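Some notes on the structure that comes next.
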Amino acid sequence: MSDNLIETRRQKLQQLRDLGIDPYGGRMDRILPNRMLREKVERLKIEAGQTSEVKNRVAGRIVLLRNIGKLIFITLRDSTGDFQLGLSKSMLPENEWKIAKLLDLSDIVVADGHLGRTKTNEPTLWAEHLHLQCKALRPPPEKWHGLSDPDIRYRQRYVDLFTNPEVMRTFRQRVLILNTVREYLVERSFLEVETPTLQPIYGGAAARPFTTHHNTLDIDLFLRISPELYLKRLLVGGMERVFEFSRNFRNEGIDTRHNPEFTLLEAYQAYGDYNDMMDLAEGLVTCCIDRLGGGMVRKYGEKEIDFTVPWPRRKYADLVKEFAGVDMWDSAAVRAKAASIGIEKKHAAEAVLIADLYDHFVEPNLLNPTFVMDWPADLCPLTRRDPSDPRIAQRFELIVNGMELANAYTELNDPAVQEATLRKQLAGQGDETMAVMDEDFIQALEYGMPPAGGIGMGLDRLVMLLTGNPSIRETILFPLQRPKARVPGEQGGADSPAGPDTAPGVTKS
RNA sequence: GCGUCGCUAGCUCAGCUGGUAGAGCAGCGGAUUCUUAAUCCGCGGGUCGUAGGUUCGAGUCCUACGCGACGCACCA
C-alpha cells in the first residue's frame, strides 16, 4: 500500500550496495557549516559564473533536488542554513555519478569540491567527489508547505527540525538564551549547582507532584516541583550565590503556557533582597536580547512588547486599585467586587479573593514587562514580611504579556515565622496530595540562613517571548503528547522511542 | 474535566443541499549541462481517524470513542 515510497528507496539502497557503496557513510573531517561556506563565498568575492581554486567540504541533508540530466543542483541543509551543491557528470568519477543519479530528497551527503557561483550568482560547491552518508528510507514532507500538522511536528520533532528552518532557528536561539543566562550569572560569581530531582518531600511551590517509587529503599518519591528549599539549604551551608537550571515537574493541565515538565532558573543571592532580583531580571533579559539582536521592542503575534529598561515597579495594591477599583485592604469592597465577577467562595481566605481580583483585572492587562511588587503576605509563605507592614510580603512577579515570567522574594530567614506560615499554608489546603512539613528545612533555617534575595524565572517562557513563539510547546523540543494507540501489527509508529522495558545495558550512561 | 474546531494519498489541501474521491508537491518512466518550489511529456497511488446508526445510497447526516489545536477550569 503506502509503503511504495519506502519500497522504492529500499530498492535504491540495494542498487547502491550492488555498486559497492556503503549507503550509511562514515567519519568525515573538516566539514564547514553552511553558514561559513556562505560567508567564505562572500569573502572570496567570487563573481557570477566563476569558481575558486580553494577546496572545501560540505555536508548536509538534501532538501531540494533539481535534476537537469547531466547536471544536478542540490540544496543541502544543516543546522546553520542551506547551501547549494552542484553535481556535473563531467566533474565526477563515473561511479560517483551513478550515486548522484540515485539520490533522493532527505538523503544525507558529503561532497568535496570548489566554491563558486553559478551563472545566476547562487553560491555553489561544485563537487569533485560525492560521499553518500545516509540513504533515507522515508520521504520528507511537502517541500514548499513543509510539515504543519502540530501533532506530527511534536511527535516527530526530528522531521520538524530539518523541514522547518524557523523551528531550528528557535531552538538554536534557546541555546543562545540559556548560555547567555548561565554566563551572566557565572560572571557575577554565582555558583551553578545541582539539587535533587527526586525528593522525599516536595515543596517550594504549590502544585500537584508526580510520584514515583524507589525499589531498594522501598520509599515513595516525588519529582520536584521546585528546587527552592534545597537551594536555600545551600545558602545556610555558606554558598552565598547559587543558581540552578531546574527541570521541574508539575502534574497539572497543559496549555500554551504550561508543560508538565519545564525549565526554571532559580538564583539566590545572600545579603540581597528582592530589589536586587529586579535588577538581576532586567540585566539577564537585556543581555539575552543583546545577543539575539532585533532590539528591545519585539513583535509578539499581533502585539509589540517593549523590553526597554527600567521596567515599571508597581505595587500590587496600587494595581488592584487602578484596574479593579478596589482598596484591597477593604474587606467588604473586596468581597463585593469578587462577587460581581462571579467569584464567591464563602470560606476562601480574603487573600485568595484579592488574588482572584488581581488575576482577573490586573495581570491580563500588563503587556510590557512590569514588576508587580509587595504582595499580600498571606499569599507568600516563603517570603519576608515588610518590616513596616506585616500584611505585605517583599515579593514580586515579573509579568510580560499577561504571563508570569519570574517570581522573586526577599527570602524569609526567620525559622519561627517560616514554620508558622508553612503550617498555616498546610492547614488551608485539605487536599491529601499536598506536602507535609519539611522539618529539615526548618532545622536548616535554625542553623542560620543569611538574608537573601531569590528569583525563579521560567526559561521556556523567556524563550517564547524573545523568539516570538505563541506556545510553550514551540520552545520545548519534545513536549508531552498523549501516546497514540498502536495499530496491532504495525511496525514502528510515531510514539516516544523507548518503552519502560528497555533492556538493561543498552544506554550510554 | 468542559466547550469549539479539526482528522480525506507520504506531505499541504479541495470535495456544495447525501449519488460512490480530486489537485499540487513527493514517487515511477522518458527528455534535459546553470537550476532556485527547475521545466516539459506520460503513469501509478486512498479502510476519507475508529466503531456503530439513519438511508436505496454516507467523505458528507446522527451517536460514541480516539488523537490534536484553541479557549475555559486547574496551575498561590
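Every heavy atom of this structure was used, including side-chain atoms; hydrogens, water molecules and symmetry mates were not. Since the structure is predicted, the reported quantities are computational estimates derived from the model, not experimental observations. Quick note on labels: first sequence line is chain A, next is B, and so on, each numbered from 1.
- As judged by a 4.0 angstrom heavy-atom cut-off over every strand, Ile72(A) is placed among residues making no nucleic acid contact.
- Shown here is Lys12(A), whose NZ atom has more than 12 heavy atoms of other residues, nucleotides or ligands within 6.0 Å.
- Between rG22(B) and rG46(B), the distance separating the two P atoms is 13 Å to the nearest Å.
- OP1 or OP2 of rA26(B) has at least one side-chain nitrogen or oxygen of Lys143(A) nearer than 4.0 Å.
- Straight-line distance between the C1' atoms of rU47(B) and rC7(B): roughly 15 Å, to the nearest whole Å.
- The separation between Gln50(A) atom CD and rC34(B) atom C1' is 15 Å, rounded to whole Å.
- Taking 4.0 angstrom as the limit, Arg66(A) places none of its side-chain polar atoms (N or O) nearer than this to OP1 or OP2 of rU35(B).
- With both pairing distances under 3.5 Å, rC28(B) is matched to rG42(B) as a Watson-Crick or G-U wobble pair.
- Of the N and O atoms on the side chains of Glu228(A) and Tyr230(A), not one donor lies less than 3.5 Å from an acceptor on the other residue.
- Across all strands shown, rC56(B) forms a Watson-Crick or G-U wobble pair with rG19(B), both key distances being under 3.5 Å.
- Contacts between residues 113-123 of chain A and RNA chain B, defined by a heavy-atom separation under 4.0 Å, are made by Thr118(A), Lys119(A), Thr120(A), Glu122(A).
- Note: CD (Glu47(A)) to C1' (rC34(B)) measures 17 Å, nearest angstrom.
- rG45(B) sits 30 Å from rC61(B) when the C1' atoms are compared, rounded to a whole Å.
- Protein atom CG of Leu125(A) is 15 Å distant from nucleotide atom C1' of rC34(B), rounded to whole Å.
- Heavy atoms from other residues, nucleotides or ligands lying under 6.0 Å from NZ of Lys89(A) number 12 at most.
- Contacts between residues 360-367 of chain A and RNA chain B, defined by a heavy-atom separation below 4.0 Å, involve no residue at all.
- When the C1' atom is compared between rA69(B) and rG27(B), the two are found 31 Å apart, to the nearest whole Å.
- In this structure, the side chains of Met36(A) and Thr80(A) stay at 4.5 Å or more apart for every pair of heavy atoms.
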- Candidate pair Arg66(A) and Gln84(A), rule side-chain hydrogen bond (donor to acceptor under 3.5 Å, both in side chains), full reasoning: CA-CA 11 Å; Arg66(A) 298 174 287 280; Gln84(A) 177 165 277; 2.8 Å; yes
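- Within the shown strands, rC5(B) is the pairing partner of rG68(B) under the Watson-Crick or G-U definition, both distances less than 3.5 Å.
- Considering only side-chain atoms of Ser148(A), the nucleotide from rU12(B), rU33(B), rC11(B) that sits closest is rU12(B).
- His129(A) and Glu96(A) form a side-chain donor-acceptor contact under 3.5 Å, judged by distance and modelled atom types alone.
- Between Glu244(A) and Thr195(A), the side chains place a donor N or O and an acceptor N or O closer than 3.5 Å (distance only, hydrogens not considered).
- Taking a pair to require two hydrogen-bonding distances under 3.5 Å in either a Watson-Crick or a G-U wobble arrangement, rU36(B) remains unpaired.
- When heavy atoms are screened at a 4.0 angstrom cut-off, Gly49(A) is found touching no nucleic acid atom at all.
- A distance below 6.0 Å separates the ring centres of Tyr358(A) and Tyr316(A).
- Thr170(A) and Asn469(A) form a side-chain donor-acceptor contact under 3.5 Å, judged by distance and modelled atom types alone.
- With respect to the salt-bridge test (charged N to carboxylate O, under 4.0 angstrom), the residues Asp460(A) and Arg257(A) do not qualify.
- The same atom, P, is picked in rG49(B) and in rU8(B); the two are 6 Å apart, to the nearest Å.
- Within a 6.0 Å sphere centred on CZ of Arg395(A), other residues, nucleotides and ligands contribute more than 12 heavy atoms.
- Partner assigned to rA73(B) is none, using Watson-Crick or G-U wobble distances below 3.5 angstrom.
- Within 4.0 Å (heavy atoms only), Tyr316(A) reaches no atom of the nucleic acid at all.
- Within residues 74-90 of chain A, the residues that place at least one heavy atom under 4.0 Å from RNA chain B are, in residue-number order, Gln84(A), Ser88(A), Ser90(A).
- Side-chain atoms of Arg138(A) and Gln156(A) include no donor-acceptor pair closer than 3.5 Å.
- Of the P atoms belonging to rA9(B) and rA51(B), the separation is 16 Å, rounded to the nearest Å.
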Mind listing the N/O atom pairs, protein and nucleotides 28-32 of chain B, below 3.5 Å?
| residue | atom | partner | partner atom | Å |
| --- | --- | --- | --- | --- |
| rC28(B) | OP1 | Lys12(A) | NZ | 2.7 |
| rU32(B) | N3 | Asn67(A) | O | 3.3 |
| rU32(B) | N3 | Gly69(A) | N | 3.3 |

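- Of the residues in residues 390-402 of chain A, none lies under 4.0 Å from RNA chain B by heavy-atom distance.
- Under the 3.5 Å distance criterion, with hydrogens and angles disregarded, a donor-acceptor pair is assigned to the side chains of Glu128(A) and His114(A).
- A distance of about 39 Å separates the P atoms of rC25(B) and rG66(B), rounded to the whole Å.
- Distance, Arg250(A) CZ to rC75(B) P: 12 Å, rounded to whole Å.
- Atom CZ in Phe222(A) sits 15.0 Å away from atom CZ in Phe249(A) (nearest 0.5 Å).
- Remark: the Glu350(A) side chain and the Ser331(A) side chain contain an N/O donor-acceptor pair separated by less than 3.5 Å.
- Separating the CG atom of Asn259(A) from the P atom of rC74(B) is a distance of 20 Å, rounded to the nearest angstrom.
- The environment of Arg313(A) atom CZ is dense: over 12 non-hydrogen atoms of other residues, nucleotides or ligands sit within 6.0 angstrom.
- Side chain to side chain, Tyr274(A) and Asp374(A) meet the donor-acceptor criterion of an N or O pair below 3.5 Å.
- The minimum heavy-atom distance linking Glu42(A) with Arg117(A) is given by the pair OE2-NH2, 3.1 Å.
- Residue contacts for Pro381(A): at a heavy-atom cut-off of 4.0 Å it reaches a base atom on one of the strands shown.
- Here the C1' atom of nucleotide rA37(B) and the CH2 atom of Trp144(A) are 6 Å apart, to the nearest Å.
- Enclosure of atom CD in Glu439(A) by more than 12 non-hydrogen atoms of other residues, nucleotides or ligands within 6.0 angstrom is indicated.
- Between the P atom of rG44(B) and the CG atom of Asn4(A) lies a distance of 13 Å, rounded to the nearest Å.
- Distance from the side chain of Leu71(A) is smallest for rU33(B) among the nucleotides rC11(B), rU33(B), rC75(B).
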Tabulate protein N/O versus nucleotide N/O from nucleotides 68-70 of chain B, keeping only pairs under 3.5 Å, one per line.
| residue | atom | partner | partner atom | Å |
| --- | --- | --- | --- | --- |
| rG68(B) | OP1 | Arg482(A) | N | 2.8 |
| rA69(B) | OP1 | Arg473(A) | NH1 | 2.5 |
| rC70(B) | OP2 | Arg473(A) | NH1 | 3.1 |
| rC70(B) | OP2 | Arg473(A) | NH2 | 2.9 |

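- Remark: P of rA26(B) and CG of Asp107(A) are 15 Å apart, rounded to the nearest angstrom.
- Taking 3.5 Å as the limit, the base of rC75(B) and the side chain of His258(A) contain a donor-acceptor pair of atoms between them.
- Taken from CG in Asn121(A) to CD in Glu47(A), the straight-line distance is 9.0 Å, to the nearest 0.5 Å.
- Taking atom P on both rU12(B) and rG3(B), the two are 28 Å apart, rounded to the nearest angstrom.
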